[in-house]
Amino acid sequence: MKNIIAPSLLSANFGNLEKDIEMLNASQCAWFHLDVMDGVFVPNISFGIPVVKDIARLAKKPLDAHLMIVNPDNFIGRFADLGVEYLTVHLEACTHLERTISAIHAAGMKAGVAINPHTNVLLLEDVLCEIDLALVMSVNPGFGGQKFIPRSVDKVRQLRQMIDRSGSECLIEIDGGINKDNVAMLASAGVDAFVAGSSVFGSENPAETIAFMANA
Ligand code: DX5
Ligand code: ZN
């Protein structure tokens, strides 16, 4: 498999999460992407610790948690206890970002930093060598099913150059409006990991859609 595919459970069927989790376990996806929203950092509320706990019990692949919350520092220990592998916080939500990254590592997880569409990638420069994942939001966070913002492609290219120059091994993840039609183009721009919600769970055969994206 060429691409890391991280389906977002936000678009799964919450009435029967176990069924969707089993489908993902058997699919070619690499990670489970968990979108945690607090209704403050973003204008929506998704799910929190108890739901992540049940997902963690059933998932057979690494958990990639994307915290769209204010004060993420308060929850680092809780997500570490649940076995989360990648914990991603928003740059815009962290006053002392370097301290937050260190705390995530100290808790035994890999650290990700996400940037909103309006945030310049250059703001990641001073932490690039400390993080494991840089998440470029290609929609304004808060909702699934939005349209990909084209400018995100240039941001990915610029970030790829910054990472290569720095010698960092940080992965680039993209999140929002990802589908079968833009994965290959984004992979050649430098994306390593792709979050996909509605295009996976809204398709007729989600496992096939994942397989297509993983090898695109
Ligand atoms: C947006 C979330 C995304 C979202 C992606 O706030 O971070 O992970 O669920 O959904 P799609 O793939 O439908 O754009
Ligand atoms: Zn996300």
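Model, not experiment: these values are computed from the prediction. We count ligands from 1, going down the list as the structure has it; atoms in each ligand are counted the same way.
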Check your understanding: Which residue supplies the protein heavy atom nearest to atom 6 (O) of ligand 1, what is that atom called, and how far is it?
Key -> G142 N, 2.7 Å
**Study point:** salt bridge (Lys or Arg N to Asp or Glu O under 4.0 Å) evaluation trace for D154 with R157
**Key:** CA-CA 5 Å; D154 286 338; R157 288 202 184 100; 3.4 Å; yes
Study note, to complete from the structure: If you scan protein heavy atoms around atom 12 (O) of ligand 1, the nearest is G197 N, 2.7 Å
**Study point:** Under 3.5 Å: donor-acceptor pair, side chain of Q146, backbone of N140
**Key:** yes
Point to revise | Shortest protein heavy-atom distance from atom 10 (O) of ligand 1, along with the residue and atom involved | key: G144 CA, 3.6 Å
Check your understanding: Judged by non-hydrogen atoms, does G177 sit under 4.0 Å from ligand 1?
Key -> yes
Review point. Any sub-3.5 Å donor-acceptor pair from K155's side-chain atoms to P117's backbone N or O?
Key: yes
Exercise for review: Taking the six-membered ring of F212 (Phe, Tyr or Trp), confirm whether the NZ or CZ of K180 is under 6.0 Å from its centre and within 45° of its axis.
Suggested key: yes
Review point. Just by distance, do the side chain of S46 and the backbone of M37 share a donor-acceptor pair under 3.5 Å?
Key: yes
Check your understanding: With a cut-off of 4.0 Å, which atoms of ligand 1 are near a heavy atom of D35?
Key -> 2 (C), 3 (C), 4 (C), 7 (O), 8 (O), 9 (O)
Study note, to complete from the structure: In this structure, CG of L159 is separated from CD of E125 (nearest 0.5 Å) by 10.0 Å
Point to revise | Numbering as shown, the atoms of ligand 1 that approach V195 to under 4.0 Å (heavy-atom distance) | key: 8 (O)
Review point. S8 heavy atoms, cut-off 4.0 Å: which ligand 1 atoms fall inside?
Key: 8 (O), 9 (O)
Revision key, fill the gap. One finds that the ligand 1 atoms under 4.0 Å from a non-hydrogen atom of H66 are 7 (O)
Check your understanding: Can you list the ligand 1 atoms lying under 4.0 Å from a non-hydrogen atom of P141?
Key -> 6 (O)
Exercise for review: Say whether S199, considering both its backbone and side-chain N or O atoms, lies within less than 3.5 Å of an N or O atom on ligand 1.
Suggested key: no
Review point. What protein heavy atom sits nearest atom 13 (O) of ligand 1, and how far off is it?
Key: S198 OG, 2.6 Å
Check your understanding: Would H66 and D64 count as a side-chain hydrogen bond (donor to acceptor under 3.5 Å, both in side chains) if you check the C-alpha gap in whole Å, the side-chain angles of each, and the deciding distance to 0.1 Å?
Key -> CA-CA 7 Å; H66 174 196; D64 168 37; over 6 Å; no
Check your understanding: At a 4.0 Å threshold, what atoms of ligand 1 neighbour a non-hydrogen atom of H33?
Key -> 8 (O)
Study note, to complete from the structure: closest protein heavy atom to atom 1 (C) of ligand 1 is F143 O, 3.6 Å
Point to revise | Metal-centred angle, the Zn ion (ligand 2) as apex - ND1 of H66, OD2 of D175, 10° resolution | key: 100°
Revision key, fill the gap. Row for the Zn ion (ligand 2): angle NE2 (H33) to OD1 (D35), 10° precision, value 90°
Exercise for review: Report the distance from atom OG of S138 to atom CG of N116, rounding to the nearest 0.5 Å.
Suggested key: 11.0 Å
Review point. What protein heavy atom is closest to atom 5 (C) of ligand 1, reported as residue, atom name and distance in Å?
Key: D175 OD1, 3.5 Å
Exercise for review: Taking only heavy atoms of M37 into account, list the atoms of ligand 1 that are under 4.0 Å away from them.
Suggested key: 6 (O)
Check your understanding: Roughly how far apart are C29 SG and I5 CD1, rounded to 0.5 Å?
Key -> 9.0 Å
Review point. Quick one: do the H105 and D132 side chains pair a donor with an acceptor below 3.5 Å?
Key: yes
Review point. Can you tell me if N25 uses its side chain to pair, donor with acceptor, with the backbone of A59 under 3.5 Å?
Key: no
**Study point:** Distance filter under 4.0 Å to A196 heavy atoms, resulting ligand 1 atoms
**Key:** 12 (O)
